S.K.: 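What follows is a single structure, and I will ask about it in a moment.
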Protein chains: 2
Amino acid sequence: MDAPRTARARARAELTSQILDAAHRQLVDVGPSDLSLRAIARELGMSSSAIYRYFASRDVLLTALIVQAYDAIGEAAEAAEAAVDRNDLEARWLTACRAARAWSLAHPHQYSLIYGSPVPGYAAPADTIDPAGRVGLLLARIVQDAAATGRLATTGESERAEESTSRATGVMHPQVVEAFGEVDEASVITGVAAWTSLFGTISFEMFGHYENVVTDRDAFFDDVMRRAAYQAGLRS
Amino acid sequence: MDAPRTARARARAELTSQILDAAHRQLVDVGPSDLSLRAIARELGMSSSAIYRYFASRDVLLTALIVQAYDAIGEAAEAAEAAVDRNDLEARWLTACRAARAWSLAHPHQYSLIYGSPVPGYAAPADTIDPAGRVGLLLARIVQDAAATGRLATTGESERAEESTSRATGVMHPQVVEAFGEVDEASVITGVAAWTSLFGTISFEMFGHYENVVTDRDAFFDDVMRRAAYQAGLRS
DNA sequence: GGGAAACGAGAGCACTGCTCTCGAACGTGG
DNA sequence: CCACGTTCGAGAGCAGTGCTCTCGTTTCCC
């Protein structure tokens, strides 16, 4: 952000990112709750107390890592989705979901950092809520594109959906509704439900809940995400 | 289970459950990762090392608490569902889901113990996989009842569902297919997807992912669970 | 009753996050 | 250019953790 004028400022920025890197490296094989400030300090050859010049507490460091992880999975999903034909909405959807899953399976500890139980004594810092929505925003954009090209199926299924739709108003946060663009709130709900389903499925797989339940995880995931896309209003 | 013949065995059983109770009590306000063996020992007026006569390690104690939590949420869902008219399949479904959510909101730390990121260095003990499926089994039973009374919608929606159904075989574990009874595998998949959606939605709500996203959580949950029931093949 | 197993308490080890102090390096205003 | 104030790093230390080991004591079973 700011250009580091003085040598001290430059050294500070350098060390800050070195600490972050070391923490990120440690996260590869230890898991968030076992992440140790002292171990990071050892790896960097500095005293443990020196870390506190750069991060006020362990939780602050974790928060920074959380933001990193959100950005990483968001970027992975965006990059994959960007390579797909803009007109093939379902392919875009499925590709984004698959990319999110692939990233998660490749980075289990970072995943549990952002989608597991919050490890600090329940503190959802404001810095994290913005990057947290990145994958969700990507999905919302696809739904929005579907609506823009007149390809969003508004009525869910049969009369039942209509019934629940009729009284569903004011359920979602205005800024989320805005992110979906000019679609009715029922579509926002199904979109958020699909987003939830995406990470619910990944979490269940990663946290062992599909042990002795789902054998072919790839096929299962694809199937569920396809149905989620359909229910969100996307038709091929 | 076994009748404690000797006084020593009786004292052992007594103390074991006292430790478990103290741990459970501590879980009300501290969260799984902050659960302290020494604090439990202090509360019980015994030395910390004495705990190890009853639980070989902290993880073993946590495992016991996990089983307790699974049983508790399972029992809550079952009790609520049992009070509903057996013929109203959707009401049974929705009631079970609501009970699971209500239990979760009332017991956040126990919830994150079973549906959050696994706190031990990734150990999913065999003792836990059985009670873990209790809520899922309940939902499966409802689907099974629907099939038994000829009220299970087998073809999902349109030709798309049929397409993905055609190649979906061998995806699920045989014992899960068996738990669903005489339904085709596609219905098992949608059932497991609905089960995933249930806890995915609860997790997102509990772990703060609906902050600035969903305002009316009750209405949102009902809506999503109703759609999940529909997609699982349940029709009112 | 005597031998063996189970038990409780205490000390101790290695580790954690975090605080405080103190001397050294650094940057900037006069 | 140099003195003063800020920033930084290291070390010691505190309170706490899970866990192990030892050493008497209690209980059980033959």
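The sequence lines fix the lettering, A, B, ..., with proteins before strands; numbering per chain opens at 1. For clarity, every value in this text was computed on a predicted model and none was experimentally measured.
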S.K.: Give a yes-or-no answer on whether the side chains of Tyr210(B) and Thr196(A) include a donor-acceptor pair shorter than 3.5 Å.
M.R.: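 Note: Tyr210(B) and Thr196(A) side chains meet the donor-acceptor criterion.
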S.K.: Please give, in whole Å, the distance from dT19(C) P to Arg53(A) CZ?
M.R.: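 Going from CZ in Arg53(A) over to P in dT19(C) covers 12 Å.
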S.K.: Return the value, rounded to whole Å, for the distance between atom CZ of Arg12(B) and atom P of dA6(C).
M.R.: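 To the nearest whole Å, that distance equals 9 Å.
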S.K.: Quick one, Arg58(A) with Leu35(A), criterion side-chain contact (heavy atoms from CB on, under 4.5 Å). Give me CA distance, side-chain angles, the key distance, then yes/no.
M.R.: CA-CA 9 Å; Arg58(A) 186 174 173 277; Leu35(A) 193 141; 4.3 Å; yes
S.K.: Checking Gln110(B) against His24(B): is there a side-chain donor and acceptor pair closer than 3.5 Å?
M.R.: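 There is such a pair between these side chains.
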S.K.: Within the pair Tyr54(B) and dG8(C), is there a side-chain N or O less than 4.0 Å away from OP1 or OP2?
M.R.: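 Checking dG8(C) against Tyr54(B), a side-chain N or O does come within under 4.0 Å of OP1 or OP2.
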S.K.: Need one value for Phe55(A): base, sugar-phosphate or nothing, where a base atom within 4.0 Å counts as base even if backbone is also close, heavy atoms only.
M.R.: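 Contact class for Phe55(A): none.
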S.K.: Taking only Lys NZ, Arg NE, NH1 and NH2, and the carboxylate oxygens of Asp or Glu, determine whether Glu81(A) and Arg141(A) approach each other closer than 4.0 Å.
M.R.: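 Not counted as a salt bridge, because no side-chain N and carboxylate O are separated by less than 4.0 Å.
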S.K.: Give Leu15(A) one of three labels, base, sugar-phosphate or nothing, depending on what nucleic acid heavy atoms sit under 4.0 Å from its own.
M.R.: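 Sugar-phosphate: the residue Leu15(A), judged by heavy atoms under 4.0 Å, touches backbone atoms but no base.
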S.K.: For dG8(C), does the base pair up with any side-chain atom of Ser49(B) as donor and acceptor (N or O, under 3.5 Å, distance only)?
M.R.: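 No such pair is found, so the answer is no.
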S.K.: Would you mind reading off the bend of the helix from dG1(C)-dC30(D) to dG30(C)-dC1(D) from its two end axes, five pairs each, to 10 degrees?
M.R.: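 Inter-axis angle at the ends, rounded: 10°.
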S.K.: Quick one: does NZ or CZ of Arg12(A) land under 6.0 Å from the six-membered ring centre of Tyr54(A), within 45 degrees of the ring axis?
M.R.: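 Relative to the ring axis of Tyr54(A), which defines the angle, Arg12(A) lies inside both limits.
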S.K.: Counting heavy atoms from C-beta on, name the nucleotide in dG10(C), dC18(C), dG9(D) closest to the side chain of Ala50(A).
M.R.: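 Of dG10(C), dC18(C), dG9(D), dG9(D) is nearest to the side chain of Ala50(A).
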S.K.: Using a 4.0 Å heavy-atom cut-off across all strands, classify Ser36(A) as base, sugar-phosphate, or nothing.
M.R.: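 Result for Ser36(A) = sugar-phosphate.
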S.K.: Nearest-nucleotide wise, let me know which of Arg8(B) and Leu37(B) is further upstream toward the 5' end of DNA chain D.
M.R.: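 First, find each residue's nearest nucleotide; the 5'-ward one identifies Leu37(B).
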S.K.: Between dG18(D) atom C1' and Asp34(A) atom CG, what is the distance in whole Å?
M.R.: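 For the pair Asp34(A) CG and dG18(D) C1', the rounded distance is 12 Å.
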S.K.: For Arg10(A) and dG27(C), what is the distance between atoms CZ and C1' respectively, to the nearest whole Å?
M.R.: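 Nearest whole value for this atom pair: 13 Å.
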S.K.: Just how far, in rounded Å, is P of dT17(D) from OH of Tyr52(B)?
M.R.: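 Value for this atom pair: 11 Å.
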S.K.: Side-chain donor-acceptor pair under 3.5 Å between Ser117(B) and Ser117(A), yes or no?
M.R.: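 Distance-only check passes for Ser117(B) and Ser117(A).
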S.K.: Answer yes or no: is there a side-chain heavy-atom contact under 4.5 Å between Pro174(B) and Val177(B)?
M.R.: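 Of all side-chain heavy-atom pairs linking Val177(B) with Pro174(B), none is under 4.5 Å.
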S.K.: Assess whether a salt bridge exists between Arg98(A) and Asp218(A), defined as any Lys/Arg side-chain N lying under 4.0 Å from an Asp/Glu carboxylate O.
M.R.: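 Judged by the 4.0 Å cut-off on N to carboxylate O distance, Arg98(A) and Asp218(A) do not form a salt bridge.
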S.K.: Are Arg58(A) and dC18(C) close enough that a side-chain N or O sits under 4.0 Å from OP1 or OP2?
M.R.: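 Result: no.
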S.K.: Name the nucleic acid region contacted by Leu35(B), choosing base, sugar-phosphate or nothing; use a 4.0 angstrom heavy-atom cut-off, strictly under.
M.R.: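 Sugar-phosphate contact only - Leu35(B) comes under 4.0 Å of backbone atoms but never of a base.
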S.K.: For the residue pair Leu198(B) and Phe221(B), establish whether any side-chain heavy-atom pair is separated by less than 4.5 Å.
M.R.: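 Leu198(B) vs Phe221(B): side chains touch.
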S.K.: Can you see if the side chain of Thr6(B) gets near the phosphate of dC28(D) - specifically, an N or O under 4.0 Å from OP1 or OP2?
M.R.: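 Answer is yes, contact under 4.0 Å.
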S.K.: Among residues 40-48 of chain B, which residues get a heavy atom nearer than 4.0 Å to DNA chain D?
M.R.: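 Under 4.0 Å from DNA chain D: Arg42(B), Ser48(B).
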S.K.: Under 4.0 Å: is that the gap between some side-chain N or O of Arg38(A) and OP1 or OP2 of dC15(C)?
M.R.: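 Indeed not, no polar side-chain atom of Arg38(A) lies that close.
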S.K.: Please give, in whole Å, the distance from dA6(C) C1' to Glu14(B) CD?
M.R.: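 Distance check: Glu14(B) CD to dA6(C) C1' gives 18 Å.
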S.K.: Once you measure the plane-to-plane angle for Tyr115(B) and Tyr111(B), does it fall in the parallel (<30°), tilted (30-60°) or perpendicular (>60°) bin?
M.R.: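 It falls in the tilted class, 30° to 60°.
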